[in-house]
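Scroll down for the structure; my scribbles are underneath it.
Just so it is clear, the values below take in all heavy atoms, side chains as well, and ignore hydrogens, waters and symmetry mates. The shown structure was predicted, so the numbers you read here are calculated from the model rather than taken from an experiment. Every chain is numbered from 1, with letters handed out A, B, ... down the list of sequences.
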Number of protein chains: 2
Amino acid sequence: MCPSKVADGGERGWIVPIGGAENKEDNPRILKRFLDLCGGRDAEIVVIPTASQLADTGSRYEDIFGDLGASRVDVLDFDTRRDCHEQNRLDRIERASGIFFTGGNQLRLSTILGGTPAAKLIRERNASGITVGGTSAGASILSEHMIGFGKEGASPQADSVRLAPGLGLTNRFIIDQHFRQRDRLGRLVAALAYNPFAIGIGLDEDTAAFIGPDNTLEVEGSGAVTVVDADGLTFSSMAQVSENKPVCLLGLTVHILVAGATFNLHTRKASAGSLAQSKS
Amino acid sequence: MCPSKVADGGERGWIVPIGGAENKEDNPRILKRFLDLCGGRDAEIVVIPTASQLADTGSRYEDIFGDLGASRVDVLDFDTRRDCHEQNRLDRIERASGIFFTGGNQLRLSTILGGTPAAKLIRERNASGITVGGTSAGASILSEHMIGFGKEGASPQADSVRLAPGLGLTNRFIIDQHFRQRDRLGRLVAALAYNPFAIGIGLDEDTAAFIGPDNTLEVEGSGAVTVVDADGLTFSSMAQVSENKPVCLLGLTVHILVAGATFNLHTRKASAGSLAQSKS
């Protein structure tokens, strides 16, 4: 599913993938910033807990966004593909100023939402300016090429990773989450090796990439965002290598970004941002 | 401890760090190649099991190198610093065509051997042409700056890693071993961030870097060697960051090498080597 076209003179909304386990209590800076981008006290948030199979996942975010001051929060569960065609649900998405996907299993999101009017409408709404974010599985689903599952902890191998089509708000990056906590560098690098056009974004827990309309990624949270850029790759053995064997990849560029630093997904330039001025 | 000078017209011997858990039975290709570099059937190997506190570590390698055809294998344990001054042990090092350090704890090696005549002699012998290698802790000890211990599994942090002086056969690289199996990228990157002059070499298990007299690194074994080059670093927050906080590092170059690929530690160029010709 390709990203929706942004209207002439318009601006895409923010895309906010979060690495999972974001702070929800004493310092919910990620969720607060997400809410601010959705309009703060005027925000009307739709929470989609479809990835999760826990009964209280949606209501938990409803409480959090409510406590942070949202004007309205609706939990919109899509349990079947038929739900994704229901007009009253689509109307809620149409009115929302922000959409948030909870964690769980990203293949539940892609199998239930994929190709439905709900998915199409969310893409269109983001292209027309509203903020869409998600945590963990809800982060993975945002891009066009999604890591469905894969091996953790090994060097990249030919069969490290299984990709699936995601929601497709953008095709510029591939997300992985719980990144260092679950040692997912190998599978992210394998995903990029299939086709180096995309940029790999590995999100630590309690860490988010706030991706603005200008494709500048800003980091928020307590961990790091590992950006892997395969654009300068000088050699890859991906096409020749047999299963369970490591892949040879020469010339990857890696940036480890923390809050304050930025990366432009268009120019592929990393910047220390406010960190460079922090010497006093 | 700085590397010994190579005599005019002479050549340094091979340096062979191995990532631990090398195949010792059905396909001991790494130990076989090590032995070949020591002279094959003429090889006189000294095995130093000081890192290990298991009684049979030395004798196990004695058997393996014997079975592979070495002319002579001596296990030379150094249990105290006084042992490292004993003339008959130094004489054995003087006669050896290859020296092999077993795994265990690299801080045992550095605390017992560091600054003794045995350490000095091993450096001199390598500078004069003999092969020196080691596995796991025995790999870490080979370079001048050694990872003593550190955190596994996290993004690089200011306190991810503790360096200690190693044996100092070379200062061109910093080794980490059991690399992907124990998720040590963060600590290796942190070590490089302290001073980007060195090149980071992360060795998977059953994988070795065979580093020739011309500083070309060749990969052998079933896993990958992750080379991290911080020479192009455009920003590092290492000097400002507080403990337990991730470090911002922009512009790392990473190569994932497998058997057949090479990296020149002098020119910092990676090559696909024989992999590039494997298309038939």
Side-chain angles (χ1 to χ4, degrees), chain A residues 152-157 179-186 189-190 193 202 204 207 219 221-230 232-237 239-241 244-263 269-273 275-276 278-280, chain B residues 152-157 179-186 189-190 193 202 204 207 219 221-230 232-237 239-241 244-263 269-273 275-276 278-280:
Chain A
E152 295 169 353
S155 288
Q157 299 176 348
F179 188 64
R180 299 301 300 156
Q181 287 78 10
R182 298 190 188 168
D183 191 13
R184 289 173 162 178
L185 181 68
V189 167
D204 284 359
T207 309
V219 180
S222 63
V225 173
T226 302
V227 173
V228 185
D229 184 357
L233 213 61
T234 56
F235 177 79
S236 163
S237 67
Q240 295 124 270
V241 82
N244 294 314
K245 296 285 182 193
V247 180
C248 184
L249 293 166
L250 309 184
L252 294 166
T253 301
V254 174
H255 309 289
I256 297 161
L257 309 178
V258 303
T262 68
F263 183 79
K269 294 267 184 243
S271 160
L275 298 173
S278 67
K279 197 171 171 183
S280 56
Chain B
E152 295 168 354
S155 288
Q157 300 176 348
F179 189 63
R180 299 301 300 156
Q181 288 76 10
R182 298 190 189 169
D183 191 14
R184 288 173 163 177
L185 180 68
V189 167
D204 284 358
T207 310
V219 180
S222 63
V225 172
T226 302
V227 172
V228 184
D229 184 357
L233 212 61
T234 55
F235 177 79
S236 163
S237 67
Q240 294 124 270
V241 82
N244 294 314
K245 296 286 182 194
V247 181
C248 183
L249 294 166
L250 308 184
L252 294 166
T253 301
V254 174
H255 309 288
I256 297 162
L257 310 178
V258 304
T262 69
F263 182 80
K269 294 267 185 243
S271 162
L275 298 172
S278 66
K279 196 171 172 180
S280 57

*Look up atom OG in Ser222(B) and atom NZ in Lys245(A), then write down how far apart they are to the nearest 0.5 Å.*
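Separation between the atoms: 6.5 Å.
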
Exercise: identify the closest heavy-atom pair between [X] and [Y]:
X	Y	value
Pro246(A)	Val258(B)	O-CG1, 3.5 Å
Ser155(B)	Ala224(A)	OG-CB, 3.6 Å
Leu250(B)	Ala272(A)	CD1-N, 3.4 Å

_Among the listed options Ser237(B), Gly232(B), Gly223(B), Gly251(B), the residue most often paired with chain A at heavy-atom distances under 4.5 Å_ = Gly251(B)

*Greatest number of heavy atom pairs closer than 4.5 Å to chain B - which of Thr253(A), Val189(A), Ile256(A), Val247(A)*: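 Greatest number of close heavy-atom pairs with chain B: Ile256(A).
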
*Sort Leu233(A) into side chain, backbone, both or neither according to what part of it lies under 4.5 angstrom from a heavy atom of chain B.*
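Contact with chain B: none, neither part.
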
*Considering only heavy atoms, which portion of Ala261(A) lies under 4.5 Å from any heavy atom of chain B: side chain, backbone, both, or neither?*
side chain

_Which atoms of Thr234(B) approach chain A - backbone, side chain, both or neither, heavy atom under 4.5 Å_ = neither

*Would you mind checking which part of Ser271(B) comes under 4.5 Å of any heavy atom in chain A, side chain (CB onward), backbone (N, CA, C, O), both or neither?*
backbone

*Only one of Leu252(A), Val228(A), Thr226(A), Val254(A) clears side-chain contact (heavy atoms from CB on, under 4.5 Å) with Leu252(B); which?*
Val254(A)

